[in-house]
Amino acid sequence: MMNRRDAIRSAGAALTAAFFSRSTSSAPQQAARKAVQRGRLRQSVSRWPYNRIPLTDFARAVAEMGLTAIDLLREEEWPIVRRYGLTCSMGYPAVGAEITRGLNDRANHDLIVKGFQQSIPVAAKSGVPNLIAFFGNRRGMSDAEAIENCVAGLNRIKKMAEDYGVNICIELLNSKSDHKDYQGDRTSFGVQVVKAVASPRVKLLYDIYHMQIMEGDIIRTIRENHSYIAHYHTGGVPGRHELDDTQELNWPAICRAIVETGFKGYLAHEFIPTRDPLQSLREAVILCDV
């Protein structure tokens with residue numbers, strides 16, 4: 001399995017070739033019918049698996065599919081996608097968003113808080129609903145201590161998030177293959193943190209790919225914990241590739257379960273395409289448009 005940084009490097013050359021070799025005659029046919037028809041579940045797409053496509057080209061293609069947002073953009077990129085009628089559905093704070101150095105270590109709190117203090121007002125002004133945070137690596141720390149530390153750090157910034165109406169979303173990741181030693185690798189751990197912070201603006205980013213690897217039981221977990229979740233990510237298991245018949249999850253059933261909880265946030269696609277990237281994205285959007 002690959003983490004985000006490794007995946008970007010390994011997929012880059014193939015992605016570039018696939019994008020720029022797309023037939024110009026097929027593009028109008030694809031754009032003629034938007035991928036989003038029902039729209040009961042708001043879908044987005046993470047930027048990093050498509051980094052080799054210029055952001056302006058990517059934003060244009062995403063908008064043509066009928067999507068309204070792109071995930072995991074930095075502050076300087078937010079105005080770019082707005083030109084295409086898109087928002088950033090999950091933004092990075094200015095500083096402090098590091099997977100391995102997260103909220104579980106109080107030594108990281110000042111930098112993390114600084115990042116949110118800088119970016120929350122900008123996010124509110126820019127219509128960015130969510131900013132990402134991470135639990136961090138264990139490094140031998142007990143869950144009890146980690147939860148206490150995470151709560152202390154989030155308590156320092158929750159009032160500002162509430163005042164500006166911006167969600168802080170802490171991501172659940174797998175520690176089995178992609179992010180060794182990551183502490184927030186179970187839904188129960190994340191829920192304990194969110195419950196203790198007790199803020200409507202501090203919730204989980206529930207990554208379905210990661211939690212399928214760690215726990216499985218996706219639909220029941222979503223139904224039982226949806227009130228603690230503000231955002232979802234997708235990815236095929238195994239491999240983190242297309243949402244197709246090569247992998248084990250039933251995406252229409254999962255997406256229907258999310259819709260049935262009354263969810264109003266975004267489900268963002270975060271898989272690494274192995275074929276024509278925009279066609280793979282289009283197929284995923286259609287599949288999840290329940």
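For the numbers below, each heavy atom of this structure counts, side chains included, while hydrogens, waters and symmetry mates do not.
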Expected output: side-chain W78 to main-chain L73 donor-acceptor under 3.5 Å: yes
Side chain to side chain contact (heavy atoms under 4.5 Å, CB included) assessment of H241 paired with T246: CA-CA 9 Å; H241 297 306; T246 66; 5.8 Å; no
H231 and D71: side chain donor to acceptor below 3.5 Å: yes
Stepwise side chain to side chain contact (heavy atoms under 4.5 Å, CB included) check, D181 with T100: CA-CA 8 Å; D181 201 46; T100 61; over 6 Å; no
E171 vs H233, side chain to side chain contact (heavy atoms under 4.5 Å, CB included): CA-CA, chis, key distance, verdict: CA-CA 10 Å; E171 186 167 18; H233 278 170; 3.3 Å; yes
CG-CE distance between L172 and M211, expressed to the nearest 0.5 angstrom: 5.0 Å
Interatomic distance, E270 atom CD to Y209 atom OH [nearest 0.5 angstrom]: 9.5 Å
Spatial distance of atom NE2 (H210) from atom CG (L205) [nearest 0.5 Å]: 9.0 Å
Residue pairs passing the salt bridge (Lys or Arg N to Asp or Glu O under 4.0 Å) test where at least one lies in residues 139-161, sequence neighbours excluded: R106-E148, D110-R156, D143-R186, K159-D163
Cation-aromatic face contact R60/Y84, 6.0 Å, 45 degrees: no
From CD1 (I132) to CD1 (I168), nearest 0.5 Å: 12.0 Å
Results of salt bridge (Lys or Arg N to Asp or Glu O under 4.0 Å) for D185 - residues two or more places apart only: R138
Nonpolar side-chain network containing V95, other nodes, edges under 4.5 Å: L111
Separation of I229 CD1 from F263 CZ (nearest 0.5 Å): 8.0 Å
Side-chain (D289) to main-chain (V36) donor-acceptor, under 3.5 angstrom: no
Verdict with reasoning, L278 to F58, per side chain to side chain contact (heavy atoms under 4.5 Å, CB included): CA-CA 9 Å; L278 296 179; F58 187 57; 4.0 Å; yes
Check: H269 side chain, V45 main-chain N or O, donor-acceptor pair, under 3.5 Å: no
Short side-chain to backbone donor-acceptor contact, E77 and R74, under 3.5 Å: yes
Nearest-0.5 Å distance, OG1 of residue T187 to CG of residue D207: 10.5 Å
Any donor-acceptor N/O pair, R82 side chain to G85 backbone, under 3.5 Å: no
side-chain hydrogen bond (donor to acceptor under 3.5 Å, both in side chains) evaluation trace for E215 with T221: CA-CA 9 Å; E215 303 175 334; T221 301; 4.5 Å; no
hydrophobic_cluster_shared for Y266 and Y206, side chain cutoff 4.5 Å: no
